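Read the structure below first, then the notes.
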Amino acid sequence: EVIEFNIFLYVLSYSKYKYIELTLDRSQNTLFKCLINAFNFCNGVPEEIWFDNMKTVVDYHNPNNGEVTFNEKFLLFTNEFGYKPIACRPYRPQTKGIIENVAKVMDRLKVYNDELESLNDIIKRIKEFNIELNNEISQATNEKPTSLFKKEKEYLKPVINQNILDTYKELQTRKVSKESMIEYKGNKYSLPTFYVGKIVEIDIKNNNLYIYYNKKYVKHHAISNKLYNYDKNDF
């Protein structure tokens, strides 16, 4: 099975402390979710963040005078979390050199091609890879990011209150396997065969696994310790 995915990259400028996350799309809500996860991972929000000229952030960037029109919804998110957004200049990769260098490091993930069996396996490997990157000597600083981060994190602003975080809460996603099942914490739960190959969302409430497709409820299972959890209607 071929699984296509994106990698979200976030790097702190001084320490080179990194946060990476697998995503299945490049939507604006996914960007917001990843940024919130990065803030939580780093225990704070920086004064400013440099962004590539992606359409989820920038509506228009004038190449002649550098004038930038940011997306309105993106600016609302920015104001709520209290950082200054800066758009990198188009066709000037040196303005985002930190991220560009990390993009090269992503080639190291290719050695695991054909060795991982599911989307969850890939997610797990990327989380492990994130820890490895932060404990390797950086060529830019000749120190481990984890060491310099101890100093840099003192300058980050605390993540804002839970009410705003809840506003941007995103449901987890899963890809339905060929056997018409999704995986949660190592166990599998069935869906009708119509959903094979599709991306669904899951939510956990009262020890039940609720499954949605395009924001519409599909079904739910009681969370169990059994490896396979079949609904007879899904056979």
Side-chain angles (χ1 to χ4, degrees), residues 4-107 109 126 130 133-134 138-141 145 148-149 151-171 173 199 215:
E4 296 183 359
F5 57 90
N6 312 286
I7 294 289
F8 168 84
L9 305 170
Y10 177 92
V11 187
L12 293 179
S13 181
Y14 173 74
S15 65
K16 309 301 183 286
Y17 196 69
K18 306 164 187 69
Y19 175 74
I20 61 178
E21 181 176 339
L22 178 150
T23 75
L24 295 174
D25 62 58
R26 301 183 185 186
S27 69
Q28 191 173 60
N29 285 339
T30 295
L31 171 66
F32 294 162
K33 175 179 71 75
C34 289
L35 282 170
I36 291 172
N37 291 341
F39 298 155
N40 287 327
F41 185 80
C42 297
N43 295 310
V45 182
E47 289 289 336
E48 64 185 38
I49 302 177
W50 291 57
F51 291 89
D52 204 347
N53 286 274
M54 42 194 172
K55 61 183 180 181
T56 51
V57 171
V58 175
D59 283 345
Y60 179 71
H61 196 149
N62 190 318
N64 297 318
N65 58 20
E67 185 176 334
V68 178
T69 302
F70 286 107
N71 177 272
E72 187 175 343
K73 189 176 179 181
F74 169 75
L75 282 180
L76 177 62
F77 176 91
T78 293
N79 292 334
E80 288 181 323
F81 284 86
Y83 63 86
K84 178 184 178 181
I86 299 177
C88 295
R89 291 180 61 184
Y91 313 111
R92 295 267 296 179
Q94 59 267 40
T95 62
K96 54 181 187 298
I98 295 173
I99 288 293
E100 293 291 341
N101 289 334
V102 176
K104 296 177 183 178
V105 177
M106 291 301 121
D107 287 339
L109 284 173
I126 287 174
N130 199 161
L133 288 174
N134 285 329
S138 168
Q139 292 182 350
T141 65
L148 294 179
F149 177 65
K151 179 178 180 180
E152 187 171 24
K153 67 181 180 181
E154 297 176 5
Y155 296 89
L156 301 176
K157 295 177 289 185
V159 178
I160 42 73
N161 66 64
Q162 189 62 42
N163 289 335
I164 294 181
L165 288 175
D166 289 342
T167 302
Y168 292 97
K169 180 181 177 182
E170 185 84 359
L171 296 177
T173 58
I199 303 298
K215 308 298 183 182

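Note that the coordinates shown come from a computational prediction; the quantities given were computed from them, not determined experimentally. Residue numbers run from 1 in the order of the sequence given.
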How would you list, by chain and number, every residue that makes a side-chain hydrogen bond (donor to acceptor under 3.5 Å, both in side chains) with [X], sequence neighbours excluded?
{"X": "Asn43", "value": "none"}
{"X": "Glu72", "value": "none"}
{"X": "Ser15", "value": "Glu152"}
{"X": "Asn40", "value": "none"}

Could you measure the distance from the [atom1] atom of [X] to the [atom2] atom of [Y]? Nearest 0.5 Å is fine.
{"X": "Lys16", "Y": "Leu133", "atom1": "NZ", "atom2": "CG", "result": "14.0 Å"}
{"X": "Leu22", "Y": "Thr173", "atom1": "CG", "atom2": "OG1", "result": "8.0 Å"}
{"X": "Asp59", "Y": "Lys73", "atom1": "CG", "atom2": "NZ", "result": "13.0 Å"}
{"X": "Lys153", "Y": "Tyr17", "atom1": "NZ", "atom2": "OH", "result": "8.0 Å"}
{"X": "Ile20", "Y": "Asn37", "atom1": "CD1", "atom2": "CG", "result": "13.0 Å"}
{"X": "Thr78", "Y": "Asn71", "atom1": "OG1", "atom2": "CG", "result": "9.5 Å"}

Practice task
Walk me through it: do Phe39 and Tyr10 pass the test side chain to side chain contact (heavy atoms under 4.5 Å, CB included)?
Solution key: CA-CA 10 Å; Phe39 298 155; Tyr10 177 92; 3.7 Å; yes
Return the set of residues passing side chain to side chain contact (heavy atoms under 4.5 Å, CB included) with [X] (not counting sequence neighbours), or none when no residue passes.
{"X": "Thr56", "answer": "Gln28, Leu31, Met54"}
{"X": "Leu109", "answer": "Ile7, Met106, Ile126, Phe129"}
{"X": "Glu48", "answer": "Trp50, Lys84, Ile86"}

Problem - Closest contact, heavy atoms only, Val45 versus Pro158 - result: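 That would be CG2-O, 4.5 Å.
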Practice task
Mind listing the closest non-hydrogen atom pair of Cys42 and Leu12 along with its distance?
Solution key: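 Nearest pair, atom of Cys42 first, then Leu12: SG-CD1, 4.1 Å.
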Handout entry: Pair Phe74 + Phe51: ring centers closer than 6.0 Å
Key =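 Ring centres of Phe51 and Phe74 closer than 6.0 Å.
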Practice task
Could you please spell out the steps behind the side chain to side chain contact (heavy atoms under 4.5 Å, CB included) verdict for Leu35 and Phe77?
Solution key: CA-CA 10 Å; Leu35 282 170; Phe77 176 91; 3.7 Å; yes
Practice task
I would like to know whether Glu47 and Tyr155 meet side chain to side chain contact (heavy atoms under 4.5 Å, CB included); could you show each step before the answer?
Solution key: CA-CA 9 Å; Glu47 289 289 336; Tyr155 296 89; over 6 Å; no
Exercise for the section: Could you tell me which residues satisfy ring pair (Phe, Tyr, Trp, His ring centres under 6.0 Å) with Phe5, sequence neighbours excluded, listed by chain and number? Expected result: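 Residues passing ring pair (Phe, Tyr, Trp, His ring centres under 6.0 Å) with Phe5: none at all.
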Practice task
Not counting sequence neighbours, which residues clear ring pair (Phe, Tyr, Trp, His ring centres under 6.0 Å) with Phe8? List them please.
Solution key: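 By the ring pair (Phe, Tyr, Trp, His ring centres under 6.0 Å) rule, Phe8 matches no residue at all.
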Exercise for the section: Before giving the answer on side chain to side chain contact (heavy atoms under 4.5 Å, CB included), spell out for Asn134 and Phe41 the whole-Å C-alpha distance, their side-chain angles and the decisive distance to 0.1 Å. Expected result: CA-CA 12 Å; Asn134 285 329; Phe41 185 80; 3.9 Å; yes
Exercise for the section: Measure from the side-chain N and O atoms of Asp52 to the backbone N and O of Cys88, and report whether any donor-acceptor pair falls under 3.5 Å. Expected result: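 Side chain of Asp52 to backbone of Cys88, a donor-acceptor pair under 3.5 Å: no, none is there.
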Practice task
Say whether Thr30 and Asp25, considering side chains only, have a donor N or O and an acceptor N or O under 3.5 Å apart.
Solution key: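 The criterion, which ignores hydrogens and geometry beyond distance, is satisfied for Asp25 and Thr30.
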